Amino acid sequence: MADFAETLAQGYTFAGPSLTLGAPLRDGEVATSTLVRIPLGMMNRHGLIAGATGTGKTKTLQLLTDQLSAAGVPVFCADLKGDLSGLSRPGVDHPKIHARSTAIGVPFVPTPCPVEFFSLTGVTGHQLRATVSAFGPLLLSRVMGLNDTQQSVLAMVFKYCDDQGLLLLDLSDLRQVLVYLSDEGAGQLAEYGGLAKSTVGVILRKVVELEQQGADQFFGEPEFDVDDLLRVMPDGRGVVSVLELTDVQERPALFSTFMMWLLASLWRELPEVGDPDKPKLVFFFDEAHLLFDGASDAFVGQIEQVIRLIRSKGVGVFFVTQTPKDVPADVLGQLGSRVQHALRAYTPDDEKALKATANTFPKSEFYDVPKALTSLGTGEALVTVLSPKGRPTPVVATLLVPPTSQMTPIPDADLVAAFRSSPLFATYAQPVDRESAREVLQRRMEEAMARDDAETSGSEPGPKARSRQRRKAEPDLGDQVGKMLNSPMAKTLGRELIRGLFGVLGLSTSRRRRR
Ligand SMILES: Nc1ncnc2c1ncn2[C@@H]1O[C@H](COP(=O)(O)OP(=O)(O)OP(=O)(O)O)[C@@H](O)[C@H]1O
Ligand SMILES: [Mg+2]
């Protein structure tokens, strides 16, 4: 049998910068002075942080975030339960923390991260927004829970708007287009495979529902500029963007698709970098099962592709979830680093899940993997990562270092004060409502109604039609459409309208305005 200390020393000694996970454990004791580390350059090879509730997954996310930021790598993480705001404060020394650090042999140096808070409601962070058009039909279908037929109809509606240069900025634009297509503009659908009017009606109802649930806030402008996730402080630390989701916890389809939109947008906007020395961004997807629950095969297929392709843009994605089974096999197969916290094995189903998890680990000479998985303590995990050469390192039970930022959340008032005093506040606080599909179509319909009225009452327009015409006043519809088609945005639309993964449109209007 190979020597444990020697195997670990060989497996975990890398040249170049790395992140420290902790110290190797055997039979509950720190067994060798070799530290368990992840090469920084391998952080874009994606990863999994898994384990039962309360075993330390979020703290693992936090300790990695602390060290990534310190190494100059920006981080994005979603905060579902409101326990990540402490990232913005230095950690607090405590006898338990002290004992842990001493056992590992890494001094505890309390250090805050530069944090920027975002939210989907604008209450607990900068308002994240996407235009309906850029969000695309596939993600929107997922948010609205559309079936395959409805989804393909929605895709056609988007195609129609793209072709017509109709800007879908917010949900009211989409609603107006659907109203138009199920009435006045129904004839226009013939070219699009004759979309069923009834399906358009169903989608319309779903859009109205979505608006009523308050989701209209995160569709519109100013659209979020993904460059804001890639910031590095003047002192070289990577900015940590925390998406506060406690206020939309009950809308998993919404925030998980929103995060996919961010990833797909990053993929579209970032240049290829191959295998950089360190990632451009590391993206933590907490409660990742919510992304996959009930998702169609097509949707999961797109996720697989985003994950596969975004690596060469220098973005690492870490999924955080209870068991590896929550993540589809094709995605799981792409995850280079594994931090597997304890699993429980109370029921036959638990047993099965445990076996399945154990089977996803490389063979170990030193551990009985299923047994190790059930006997790990809090803040301990079975680890295997990729060496700088891309080979899996030996499986090792690890006593994880404590996060150097604060483990408890900061008071709500402090969080709100922090994001309101940030320079980004001015950029995203106020929604902008500019000329888009709603205004154009409203006029188009009004004009048609006025025409109808005029026809039914002979050559003289009736009083109703006259009043409508008065309201419409000067701007002629032809002019309006022409103006819109000639606007810089529409010109860009006309020229470069290419939908990428998830049908996400690769133009960030806010970017063009600001940069
Ligand atoms: N690396 C660590 N250093 C110090 N303490 C830790 C560490 N990891 C976990 N703990 C302790 O364990 C507790 C639970 O950890 P954590 O909140 O990360 O669990 P979790 O797996 O994310 O739980 P949940 O499934 O409920 O989200 C922490 O509050 C902390 O006291
Ligand atoms: Mg957690």
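When a residue number appears, it is its place in the shown sequence, counting from 1. Just follow the structure's listing: the first ligand is 1, and inside any ligand the first atom is 1. Since the structure is predicted, the reported quantities are computational estimates derived from the model, not experimental observations.
Residue K81 has at least one nitrogen or oxygen atom sitting less than 3.5 Å from a nitrogen or oxygen atom of ligand 1, judged on distance alone. On a distance-only criterion, M407 and ligand 1 share no N/O pair closer than 3.5 Å. Among the atoms of Q322, none of the N or O lies under 3.5 angstrom from an N or O of ligand 1. Residue L63 has no nitrogen or oxygen atom sitting less than 3.5 Å from a nitrogen or oxygen atom of ligand 1, judged on distance alone. The shortest N or O to N or O distance between T60 and ligand 1 is not below 3.5 Å. Considering backbone and side-chain N/O atoms, V401 comes within less than 3.5 Å of an N/O atom of ligand 1. Here's the thing with T55: one of its N/O atoms is less than 3.5 angstrom from an N/O atom of ligand 1. At a 3.5 angstrom cut-off on N or O pairs, E287 does not count as close to ligand 1.
Counting heavy atoms from C-beta outward, S88 and P112 have side chains that stay 4.5 Å or more apart.
Within 6.0 Å of the NZ atom in K280, the count of heavy atoms belonging to other residues, nucleotides or ligands does not exceed 12.
Taking 2.8 Å as the threshold, T53 does not count as a candidate ligand of the Mg ion (ligand 2), since none of its N, O or S atoms lies below it.
Closest protein heavy atom to atom 17 (O) of ligand 1: K59 NZ, 3.9 Å. In terms of protein heavy atoms, atom 15 (O) of ligand 1 is closest to G56 CA, 3.5 Å.
Side-chain N/O atoms of S405 and Q62 include a donor and acceptor closer than 3.5 Å. A donor atom on one side chain and an acceptor atom on the other are found under 3.5 Å apart for S312 and E272. Side-chain polar atoms of E287 and T321 form no donor-acceptor pair below 3.5 angstrom.
Between F419 and H126, the two ring planes are perpendicular [angle over 60°; tilted spans 30° to 60°]. A perpendicular orientation is assigned to the rings of F135 and F219, their planes being inclined by more than 60° (bins at 30° and 60°). Relative ring orientation between Y367 and F4 is described as perpendicular, the plane-to-plane angle rising above 60° on a 0-90° scale split at 30° and 60°.
Using a 4.0 Å cut-off between heavy atoms, T378 contacts ligand 1 through its side chain alone, with no backbone atom that close.
Residue P402 has at least one heavy-atom neighbour below 4.0 Å for each of these atoms of ligand 1: 3 (N). Near R100, the atoms of ligand 1 lying under 4.0 angstrom from a non-hydrogen atom of the residue are 1 (N), 2 (C), 3 (N), 4 (C).
Within the 6.0 Å centre-distance limit, the rings of Y428 and F224 are counted as a close aromatic pair.
Residue contacts with ligand 1 include G54, since one or more of its heavy atoms lies under 4.0 Å from the ligand.
No donor-acceptor distance shorter than 3.5 angstrom exists from the side chain of H341 to the backbone of A381, with no hydrogens or angles considered.
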